[in-house]
Amino acid sequence: MTKKWVIHHRSDCIGCGSCVAVCPKYWQINQKDGQVDLQQAIHVKDDIFKRKLDIEDQEANELAQQLCPVRIIKVE
């Protein structure tokens, strides 16, 4: 099975916190600007970050993707 990634387009984040609510292991609200950070992520380019997804956390991150009102979380 190929390992999946969680991808976050941070600059478009509105800080609603739905991702934090369903998967706090991966997501945390940044106290400086109110946007959400993908924890332990690799900076890809511009304001795009990614992190390898552990199989046991896939369902929670897929839910975070579905709940994000601005659709800036992708599980691939």
Practice item. Let me see the working for K50 and H8 under side chain to side chain contact (heavy atoms under 4.5 Å, CB included), right down to the final yes or no. Key: CA-CA 6 Å; K50 71 178 184 175; H8 183 226; over 6 Å; no
**Study point:** Check against side chain to side chain contact (heavy atoms under 4.5 Å, CB included), L53 and W5
**Key:** CA-CA 5 Å; L53 180 61; W5 292 88; 5.9 Å; no
Exercise for review: Dump the intermediate steps for side chain to side chain contact (heavy atoms under 4.5 Å, CB included) on K25 and D57, then the final yes or no.
Suggested key: CA-CA 9 Å; K25 179 179 174 183; D57 301 316; 2.9 Å; yes
Exercise for review: Starting from the C-alpha separation in whole Å, work towards a yes-or-no answer on side chain to side chain contact (heavy atoms under 4.5 Å, CB included) for Y26 and D54.
Suggested key: CA-CA 10 Å; Y26 279 65; D54 294 327; 3.6 Å; yes
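Of all heavy-atom pairs spanning C13 and V36, the tightest one is SG-N, 3.2 Å.
Between the side chain of Q35 and the main chain of R10, a donor-acceptor pair closer than 3.5 Å is present.
Here W27 contributes atom CH2 and L38 contributes atom CG; the two are 4.0 Å apart, rounded to the nearest 0.5 Å. Rounded to the nearest 0.5 Å, atoms CD (Q65) and SG (C23) are 12.5 Å apart.
Around atom CD of Q39, more than 12 heavy atoms belonging to other residues, nucleotides or ligands sit under 6.0 Å away.
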All N/O donor-acceptor pairs, side-chain side in residues 40-48, below 3.5 Å, sequence neighbours left out:
unit_1 : atom_1 : unit_2 : atom_2 : d
Q40    : OE1    : R51    : NH2    : 3.4
H43    : NE2    : D46    : O      : 2.5
D47    : OD2    : S11    : N      : 3.0

Cut-off 3.5 Å, no hydrogens considered: what does the side-chain donor-acceptor table look like for residues 66-76, sequence neighbours left out?
unit_1 : atom_1 : unit_2 : atom_2 : d
R71    : NH1    : Q66    : O      : 2.6
R71    : NH1    : C68    : O      : 2.8
K74    : NZ     : R71    : O      : 3.3

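By the salt bridge (Lys or Arg N to Asp or Glu O under 4.0 Å) test, D12 is found to be paired with no residue, residues two or more places apart in sequence or in another chain being considered.
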